[in-house]
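Chain letters run A, B, ... following the sequence lines, proteins first and then strands; every chain starts at 1. Since we're looking at a predicted model, the values are computed, not measured.
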Amino acid sequence: MNYALKLLDEQIKDALSTLYKINADKIPFQKTRKEFPGDYTLTTFAYSKQAGKKPDELAQELGEFILSKYNNLDSFNVVKGFLNIRFKDSFWIEFLLNAVSENYSGYKKQNSSGKTILLEYSSPNTNKPLHLGHIRNNLLGFSVAEILKACGHKVIKTNIVNDRGIHICKSMLAWQKFGNGETPESSNMKGDHLVGKYYVEFDKAYKKEINDLIAKGISKEEAEKNAPLILEAQQLLLKWEKGDKETIHLWKTMNGWVYKGFDETYKSLGVDFDKIYYESDTYILGKETINEGLQKNVFYKKEDGSIRIDLTADGLDEKVVLRSDGTSVYITQDIGTAILRFKDFPDLTQAIYTVGNEQDYHFKVLFKILEKLGYSWAKECYHLSYGMVELPEGKMKSREGTVVDADELLEEMFDTAKKTTQELGKVEGFSESNLVELHKTIGLGALKYFILKVDPKKKMLFDPKESIDFNGNTGPFIQYTHARIKSILRKAEEQKINIDKAVDPKTINTLERDLIKFIYEFELTIEESAQVYNPAIVANFIYELTKTFNRFYHEHSILKEDNKEVLQFRLLLINKCAQVIANGMKLMGINVPEKM
RNA sequence: GUGCCCGUAGCUCAAUCGGAUAGAGCACCAGCCUUCUAAGCUGGGGGUUACAGGUUCGAUUCCUGUCGGGCACGCCA
């Protein structure tokens, strides 16, 4: 393979050192802006002083040097201090022919990097169904895992299920009181939704108790603490911790309902896990670790009996790691879980936590504690922090019912896809099951792309009243373009044209050149997105490629091209484009149809 | 109160380590289907990048301050 930027890097280094005795380590190139001729641009301002030349003179001299010395370059031009460099057509043609013969995919060979990365995502509570916030988490985690794999890393996808604690006890209690033995089967309701229903029931009844108490003249604070229901829920938690048979049985039953429901949602979303952890299994190890740390004076016991760590010297606060009654808090389990993972997978080189940015502080504390406990891998822990999904009226709140339910949203996406597909009426010959499949592919494509095209670090807005678009910068637009390419390739085969025949067209037009460059840059784009854990970089790249293809499609005919060499070359080119589009979308967990 | 994050077209988002005239989509207006799928293509209007300073060849990007928004700082998770 001929790597354009690597070659340029060497050539400019050669020029700098030969002409000015400058040894540069890394030359920063950028893509040439489309209003100027050229492929890549060097800004010479940085070297101007060292070379003792004005930027434009320097650019001119560098350009002349590399053009005369290297024969893969076509031309250069200088605008102020910008040196725009253009490769010969033959260079790009050769690149594409090689890409075809070497079966270029943009992906690195599986497990070739020697790195093993554990990536946690999803991590639901078991007291309510998944909502749009979880969807962003799941799609982001899954996509980053795919991107890291494409960079040759071994990735272990993991989920830590928050299956114990007061929240699930609330659902259990409400079910005992008001459930009349209702089950997912008897009510024909998804298990996670059923359990969520009782969580809401609890909250309603609890609020009523509080109001009754306040009416009797008790302060709000006291009422919240002493309402019979909350006391009962706490009792239930204690019974759970003591291993009370009946309680454990109910807990297992209701969690089982939830898992079945989650599995359906995960399946719809197309996400999966290699290993699932449960906090009910890991919190014990957390407790043990804290007791050991207490012996080693990492932690200390306060007069009230609670165990703490003082992180004020590290710019953080004092943190409770174990309650005075000996029960564990949230971070206790996190400590246990982290240690367990590195025990389970001793060859881990990194652990990534996909968790919302509201927990930025929590992870600073967690990683610092792990470091203080002496775990050398603590510095390999990374919090993949992402912004919240907000509604027009603000943040989603489960208790206030202002959440966008994941299952409902998915159904809506499928329906919209179905409706749009029917309106456009291009799917003759599809069987009923093919149609259902297509609607799912398009609906999911729209949703996933909508979420992943936004930089994860930033909060994003979702307006339920405005349905997710299918035109413009969207998943369906990209899927459609892929289907268009496939349609041409099918027609070519029908006409007995060999679509894999490698031919040299001698010259290429601007759009063909742009498309080849996109193919070249795909691999670099994946690396870039992996470095910052940002699928949006891939999304935007694929969109730009797709837009460029559509312009090419509009301006140049492929099958009606008179010049047979050009026709053959174009088939190679668009086939590669289709592959890059499909591979790029796959990195976001999006499938592309052959026809739509 | 302390700390962290954010503010770009009417709306949703881009902008390569600080690079050229800040770009797309939606919405709006005007065109393009006897030609490979119009979920498409072309053109148009729309910006003091919240505001005020500073750093330099060059600032949406870095620094300081102001204003506005969000989050965190629990023996909650």
Describe the nucleic acid contact of A:Leu424 in one word from base, sugar-phosphate, nothing, applying a heavy-atom distance below 4.0 Å.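 Result for A:Leu424 = base.
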Within the structure shown, what part of the strands sits under 4.0 Å from A:Val79 by heavy-atom distance: base, sugar-phosphate, or nothing? base
Any [X] side-chain nitrogen or oxygen under 4.0 Å from OP1 or OP2 of [N]:
X: A:Lys80; N: B:U21; value: yes
X: A:Lys453; N: B:A24; value: no
X: A:Ser324; N: B:C75; value: no
X: A:Arg33; N: B:A20; value: yes
X: A:Lys364; N: B:A72; value: no

Are the charged groups of A:Asp360 and A:Lys364 less than 4.0 angstrom apart, N to O?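 No, A:Asp360 and A:Lys364 are not salt-bridged.
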Would you say the base of [N] stacks on [X] (centre-to-centre below 5.5 Å, plane angle below 30°)?
X: A:Phe82; N: B:A20; result: yes
X: A:Tyr480; N: B:G40; result: no
X: A:Tyr543; N: B:A24; result: no

Does one side chain, of A:Asp415 or A:His439, offer a donor that lies under 3.5 Å from an acceptor on the other?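 No, because no side-chain N or O of A:Asp415 sits under 3.5 Å from a partner of the opposite role on A:His439.
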Nearest to the side chain of A:Lys34, which nucleotide is it out of B:A72, B:A77, B:A24?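 So the side chain of A:Lys34 is nearest to B:A24.
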Testing A:Arg551, A:Arg570, A:Glu512 one by one against A:His556 for a side-chain contact (heavy atoms from CB on, under 4.5 Å), which residue passes? A:Arg570
B:G40 pairs with, by Watson-Crick or G-U criteria that keep both distances under 3.5 Å: B:C32
Measuring centre to centre across the rings, with the benzene-like ring taken for any Trp, is A:Tyr386 within less than 6.0 Å of A:Tyr533? no
